[in-house]
Structure formats: structure tokens, C-alpha cells
Amino acid sequence: MAAAFGEDSVLPFVIESAGVRGRLIRIGPALRDILGRHAYPATIARLLSEFLLLAGGLSSMMKYEGIFTLQLRGDGVLKLLVADVDSRGAIRGYADADIEALDALLAQDARPSLPRLTGTGYLAFTVDRNDEGQRYQGIVELSGASLTDCILHYFQQSEQLPSAIHLASEAGEAGQAAGLILQRLPASQYGSEHPDLLEAREEGWRRATILMSTLTDAELLDRAITPARLVYRLFNEEEVTLHVPTPLLDRCRCSRERLASVLASLSAEEITEMTLPDGRVHAVCQFCSRNYDFAPEAVRSFGQG
């Protein structure tokens, strides 16, 4: 039933006449599993939900074999948001916040803006490609009152691609999140820059964003409306082509070997601080909260670099 209604998936589509590509993203069971491993306050859970939506949608707009990572760092109450997706759709994410400072802030403002939560910081997009270890990274300062504003600022500054984003999320045990991303494609992708064609594309973009503005959070989150049906409902007068949906899977890539490699890169002083009285090092994956214990004989090999 869940698969039939597009939970945990990204639906790509193209509005041919407008020169617009889109992604409709929904995360339900995977989101509940990810959030369920952590005791995030509602404010942080909502932001992480939105970050996972963005990572799932934006990664599907790229052609790559590897890992796409979206990262936000700040010097305020919210220190870090991370979400990454591999090219097979495995998604994960976590947040790091000063909970005491967050409680104090929420006592003053029940729904603080993103700048009040993050302070000064930056947003980073990273693609680690499997082939030849290639990496692409784009970084932009945080700018705007919400995550949507920050992402739109990035595309305006770094990619120069007009974009529109609508995100919605629900908290609680039945929590879910959904998003719609539209992006105007460069004229070069159409093989012509004739003034009449460019004018038609400009008008098509305006029309698509106006139609998108009629979408409500309730419609976006409604499980009774399939992603395909929702796209057609919005853009039924346009030339919409749907592509094969991409599943999103709650799957962490942590392993004992990966964590041992991280520990081996730390200094002797850092390893000493982590060592328990019985000589073991206990580590927890920040993404999935899985516990790892390393015996004293293994710990002795760490911190040598």
C-alpha cells in the first residue's frame, strides 16, 4: 500500500512546453525510522525532515554514481544538519543542536527563524563520485529566513537557475514530509535561443510557478493522492511527462571497518579522551545510533598518526 501511494520516493517530471523540470518527494516510513532513533525536539525534527526532502529531491536532479551530501553548519543553537543520499536512493541524516540553548530560545519565540537558530554559517552541496574519487562541492553563506530561502539563494548565486520549492512536514508517530521542487532549465538544453522560444519559456516558467503556488500543505501530504495524480492535478493543462520514480531507502552505510578507519585518523590525545576505564573505546554512529565497541588491543593501534 505504501509503495502504491508513493511513500519514500522521488517522482521526476518535465513540463516540456515550459522548459521546466520538477521533483515531487515524499518520505513517510523512512522518515519515521530516521527520526525515531533520536530524541530530537519538534523544531529540530521538522528542519531535519525538510533537509532530507531537499537531499532526496536535489540528488535526483544529478547524474552521478556515488554520494550526494547536503550540509548546514552554524555557530548558534543549531550546529549541524546533514543529509546524504547515494545513487541507489539510500538516505540518512542527523542533526546536532544545543538543546538547553534551544529551550531558552523557544521560551522567547515558539517558531524561531532559521537565522535565530543557526547564527552565522554556511550551506554546502557535495557530490563524491565513485569513479576516480572525483568530488564536486559548492558552498554558500546562509541567507534567508528558512531552509527553502537558503537553497534558493544557493541556486541563484551558484547555479543561476531559477527555482521554486514547497516543503511540508508533519510531526508525531505518523509523521511524514513532502516537497515539490521546480527548476527552469537553461535555454542551451533546447538547442535554440530564438527570442520567441525564450519568451515562451519565460511565460511557461511564470505559469508553472503560479500553478505551484496554489498547492497546499494538506494536498502535498495527502496519502490518498498519488504523486502522479498530484502532478497532473497541478499541471493538467501543460505537457507533463512523468519519469520512473526513484525509491528512497532508510539505510546507513556505517560499519565497524569505516568507524575504525575514522578512529585511526584521530590523534593519541583524542583517543585517550574517548577511552573508557576498562580500556575500550565505545563509539556511536551519529546517523543510525548503532553502537560499536573496540577492545583494548584494537584501541592501542589508534592514534598513531
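Only a predicted model underlies this, so the values are computations on that prediction, with no experimental measurement involved.
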Taking 4.0 angstrom as the limit, do Asp8 and Arg26 come out as a salt bridge?
no
Linked, directly or transitively: Leu47 and Leu106 (ILVMFWY side chains, under 4.5 Å):
yes
So which atom in Thr209 and which in Ala164 form the shortest heavy-atom distance, rounded to 0.1 Å?
CG2-CB, 4.2 Å
With the threshold set at 4.0 Å, does a side-chain nitrogen-carboxylate oxygen contact exist between Arg88 and Asp86?
no
Six-ring centre of Phe294, Arg256 cation under 6.0 angstrom, axis tolerance 45°
yes
Run the side-chain contact (heavy atoms from CB on, under 4.5 Å) test on Arg207 and Glu238 for me, step by step, so that the C-alpha distance in whole Å, both residues' side-chain angles and the decisive distance to 0.1 Å come before the verdict.
CA-CA 10 Å; Arg207 190 167 59 251; Glu238 311 298 318; 2.9 Å; yes
Please determine if Asp250 and Arg32 form a salt bridge, counting it only when a charged side-chain N lies under 4.0 Å from a carboxylate O.
no
Is Phe287 linked to Ile67 within one hydrophobic cluster, defined over Ile, Leu, Val, Met, Phe, Trp and Tyr using a side-chain heavy-atom separation of less than 4.5 Å?
no
Here the pair of heavy atoms bringing Leu53 nearest to Ala178 is CD1-O, 3.3 Å
I'd like to check Val127 versus Met62 (side-chain heavy atoms, cut-off strictly below 4.5 Å). Are they in contact?
yes
State yes or no: do Leu58 and Tyr122 share one hydrophobic cluster built from I, L, V, M, F, W and Y residues joined by side-chain heavy-atom distances below 4.5 Å, directly or via other members?
no
Pair Glu65, Ser87: side-chain N/O donor-acceptor within cut-off below 3.5 Å
yes
Flag side-chain contact, heavy atom, 4.5 Å: Tyr136 against Thr126:
no
Pick one: which of Leu31, Asp217, Leu221 meets side chain to side chain contact (heavy atoms under 4.5 Å, CB included) with Glu170?
Leu221
Do Ser261 side-chain atoms and Glu257 backbone N/O form a donor-acceptor pair below 3.5 Å?
no
Check whether any side-chain heavy atom of Met274 sits under 4.5 Å from a side-chain heavy atom of Leu266, and report yes or no.
yes
Any luck finding a side-chain donor-acceptor pair between Thr272 and Glu269 under 3.5 Å?
no
Side-chain heavy atoms nearer than 4.5 Å, only ILVMFWY residues, links allowed to pass through others: does that put Leu161 and Val140 together?
no
Would you call Arg184 and Arg201 a side-chain contact if the rule is heavy atoms closer than 4.5 Å?
yes
Can Leu114 and Leu147 be said to form a side-chain contact (heavy atoms from CB on, under 4.5 Å), step by step?
CA-CA 7 Å; Leu114 189 67; Leu147 284 177; 4.0 Å; yes
Heavy-atom distance under 4.5 Å between the side chains of Ser113 and Ser146, does that happen here?
no
Min side-chain heavy-atom separation Phe13-Thr241 under 4.5 Å:
no
Taking side chain as C-beta onward, heavy atoms only, is Leu70 less than 4.5 Å from Tyr154?
no
Are side-chain heavy atoms of Ser163 and Ile181 found at a separation under 4.5 Å?
no
Take a 6.0 Å sphere around CD of Glu141 and say whether it holds more than 12 heavy atoms from other residues, nucleotides or ligands.
no
I'd like to know whether Ser59 forms a side-chain contact (heavy atoms from CB on, under 4.5 Å) with Tyr64, so could you lay out the CA-CA distance, the side-chain angles of the two residues, the decisive distance to 0.1 Å, and finally the verdict.
CA-CA 9 Å; Ser59 65; Tyr64 70 100; 3.5 Å; yes
Does Thr118 have any side-chain hydrogen bond (donor to acceptor under 3.5 Å, both in side chains) partners at least two apart in sequence or in another chain, and if so, which?
none
Are Ser60 and Arg23 close enough that a side-chain donor and a side-chain acceptor fall under 3.5 Å?
yes
Salt bridge Glu7-Arg223, side-chain N to carboxylate O under 4.0 Å
yes
Treat each ILVMFWY residue as a node, draw an edge where side-chain heavy atoms are under 4.5 Å apart, and state whether Leu105 and Leu80 are in one component.
yes
Scanning both residues in full, the closest heavy-atom pair of Gly144 with Asp149 reads CA-CB, 3.6 Å
Evaluation steps, side-chain contact (heavy atoms from CB on, under 4.5 Å), between Arg129 and Arg135
CA-CA 6 Å; Arg129 299 182 182 276; Arg135 165 177 275 208; over 6 Å; no
Treating Asn291 as the side-chain partner and Val284 as the backbone partner, does any N or O pair qualify as donor plus acceptor under 3.5 Å?
no
